[in-house]
Amino acid sequence: MSLRDHPKAYGTAALTAAFVAGVLMTLGFKDLYPDLERRYEQRRRRRPRRSSAANSRRGSLYFTPVQLEDHESDSGASLEIAPGIASGIEGCIGNTPLVNIRSLSEATGRTILAKAEFLNGAGGSPKDRVALNMIQTAEEEGLLTPWQGDTIYEGTVGSTGISLATLARAMGYKAYICMPNDQSIEKSNLLHHLGATVERVPVAPITSPEHFVNLARTRAKEHTASSADSSKGFFANQFESAANYQAHLRTTGPEILYQAGGRVDAFVAGAGTGGTIVGVAKYLKEERGLADTRIVLADPQGSGLYNKVRHGVMYSSTEREGTRRRQQVDTIVEGIGINRITANFEAGRELIDDAVRVTDEQACRMARWLVEKDGIFVGSSSAVNCVAAVVTALGLPEGSQVVTVLCDSGNRHLSKFWKQVAEMGLEEEEEQTPADLLAALGIQQSQP
């Protein structure tokens, strides 16, 4: 008897056959689903977005915005928040660009790249990374508790204080900054406007209780001892705190290597606390095993670090009897150069291969050159770094890749460093070609 004679059995067989065919088609075309979904998403994104119930569904965490409905608005409009939004000003720190300084690369025949740390979003310098890590480390150790009146104390020539003052407000703290009174007035004015208490003190040797670093330590202890509201005084201690170099080990170093395409023939940086050069050196040489990468210290005149790296002795000619004009490093350069070994510098001193001494005149000429040729307006420490990068590049084979650091904007150096540039008449000099760079800096090209 055929199925035609039994309609119910025929219908059941037809449904079964259709179901099996559907399963087979599903399995056969499953590989097309991702492509179809991708094409649909592309068409959907090209269409204008409409505010509707259909759009209020949460999409993919990484590819579509999260939509928040404004229930208090009569208009019924919605607020869209795109992915990747920074959480507070501290989220704007890091991932700064690596810039090819074209005029220096052309003049040397080597690629000279600079990490644009002045574009960090809090205090506008590499110290943003350090300040954030010091605060976070202190919180983890119970030395700081936000929103209870705790105050961060630091002795600094400016940039670290600016970063700390900015982040302190954002993260629930107050800031108290001690700085020598020979630093540019722009820095202390900025600190004041950022809400920090600023104490400018006479220049004193590090052995004196009145030295700006020692004074900050004392102020922190006095705060904690006399606090009537259980608030704490925390001495950030950037010169000795391991959180300093660790910030660059964890962030700056990896960013540089990635942005440079995995090739860094030399890294050049100055040292004040020593955190930047040591942190990056540790990442490149210890973490990544790049033993052939040259780490070069850029040191201003009057600093003893050049001789410490070159000859193993902390000494500067300005320390001779009757030659010292002031008790700190004898240079107009701010932020780098020191006549003692900090814990941060010592943590990686053996990783530093060489040092280049840069005069004030060379720094001023380089700063003006960068403005004239590349439109880059930076401060004194950045200029020192760039001079040393040129010297380092000329000692390497053609085509080598050298990385240095642009620390902060020239806006913080108008009354001192850039005033000196103007007084030297450099802003009125005639147009120079890239070939004139070495002559302007008084550098002799050596054979690598």
Side-chain angles (χ1 to χ4, degrees), residues 88-90 93 120 122-206 208-244 247 272-273 275 328 334-335 338 342-344 408 412:
I89 195 67
E90 59 269 33
I93 297 173
N120 276 302
S125 81
K127 299 302 185 179
D128 279 1
R129 301 174 189 264
V130 174
L132 179 60
N133 197 42
M134 289 193 300
I135 292 173
Q136 291 175 335
T137 300
E139 289 176 339
E140 293 169 1
E141 296 175 354
L143 301 176
L144 279 175
T145 305
W147 313 113
Q148 70 165 23
D150 287 4
T151 300
I152 301 169
Y153 291 81
E154 183 60 303
T156 169
V157 297
S159 291
T160 303
I162 292 167
S163 297
L164 283 171
T166 304
L167 291 171
R169 288 295 179 178
M171 300 174 72
Y173 305 104
K174 299 175 183 178
Y176 190 110
I177 306 300
C178 296
M179 65 186 304
N181 60 10
D182 64 346
Q183 300 300 295
S184 62
I185 196 66
E186 291 91 359
K187 292 181 180 180
S188 57
N189 286 344
L190 179 55
L191 284 165
H192 173 75
H193 292 307
L194 288 171
T197 300
V198 183
E199 185 175 357
R200 289 177 68 99
V201 301
V203 174
I206 187 63
S208 169
E210 301 304 313
H211 184 273
F212 65 99
V213 172
N214 297 331
L215 197 58
R217 181 187 291 106
T218 300
R219 296 286 186 260
K221 291 180 180 178
E222 291 172 347
H223 176 131
T224 302
S226 63
S227 175
D229 58 3
S230 74
S231 65
K232 302 182 288 293
F234 169 67
F235 175 49
N237 199 17
Q238 60 165 327
F239 289 89
E240 313 302 326
S241 171
N244 183 339
T273 63
Q328 275 202 313
E334 297 180 0
I338 195 170
T342 67
N344 277 278
D408 61 0
R412 296 180 184 172

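Just so it is clear, the model here is predicted, and its values are computed rather than measured.
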With side-chain contact (heavy atoms from CB on, under 4.5 Å) as the test, would you mind laying out the steps for Glu210 and Val201 before giving the verdict? CA-CA 8 Å; Glu210 301 304 313; Val201 301; over 6 Å; no
One should read off an interatomic distance between Gln183 CD and Ser188 OG, to the nearest 0.5 angstrom, of 9.5 Å
Rounded at 0.5 Å granularity, tell me how far OG1 in Thr145 sits from NZ in Lys232. 3.0 Å
For Leu164, the option from Ile162, Thr166, Thr160 that meets side-chain contact (heavy atoms from CB on, under 4.5 Å): Thr160
Pairwise distance CG(Leu190) to NE2(His193) - rounded to 0.5 angstrom: 7.5 Å
Could you go through Arg217 and Asn214, starting from their C-alpha distance and side-chain angles, then the distance that decides it, and tell me whether this counts as side-chain contact (heavy atoms from CB on, under 4.5 Å)? CA-CA 5 Å; Arg217 181 187 291 106; Asn214 297 331; 3.0 Å; yes
Does the Asn120 side chain pair with the main chain of Ile93, one donor and one acceptor, at a distance under 3.5 Å? no
Looking at Pro180 and Val157, what are the two nearest heavy atoms and their distance? CG-CG1, 4.1 Å
For the atom pair CD1 (Ile152) and CE (Met171), what is the distance rounded to the nearest 0.5 Å? 8.0 Å
If I take atom CD from residue Glu154 and atom CZ from residue Phe234, how far apart are they, to the nearest 0.5 angstrom? 8.5 Å
Carboxylate-amine/guanidinium proximity below 4.0 Å for Glu334 and Arg412: no
Asp128 and Ser163: which non-hydrogen atoms are nearest, and at how many Å? OD1-OG, 2.5 Å
For Asp182 and Arg200 the tightest heavy-atom approach is N-NH2, 4.2 Å
Shortest non-hydrogen separation from Leu132 to Leu167 and the atoms involved: N-CD1, 3.6 Å
Closest heavy-atom pair, Ser159 versus Thr156, reported as atoms and distance to 0.1 Å, is N-OG1, 4.0 Å
For the pair Leu191 and Met179, evaluate side-chain contact (heavy atoms from CB on, under 4.5 Å) and give the outcome as yes or no after the intermediate values. CA-CA 11 Å; Leu191 284 165; Met179 65 186 304; 3.9 Å; yes
Side chain to side chain, Cys178 and Glu199, heavy atoms closer than 4.5 Å: yes
Nearest 0.5 angstrom please: Asp150 CG to Ile135 CD1, how far? 11.5 Å
What is the minimum heavy-atom distance between Tyr153 and His223, and which atoms define it? OH-ND1, 2.9 Å
Among Thr273, Thr342, Asn237, the one residue meeting side-chain contact (heavy atoms from CB on, under 4.5 Å) with Asn244: Thr273
Check step by step if side-chain contact (heavy atoms from CB on, under 4.5 Å) holds for Tyr173 and Glu139. CA-CA 11 Å; Tyr173 305 104; Glu139 289 176 339; 2.6 Å; yes
Can you check whether Gly124's main-chain N or O pairs, donor with acceptor, with Asp408's side chain at less than 3.5 Å? no
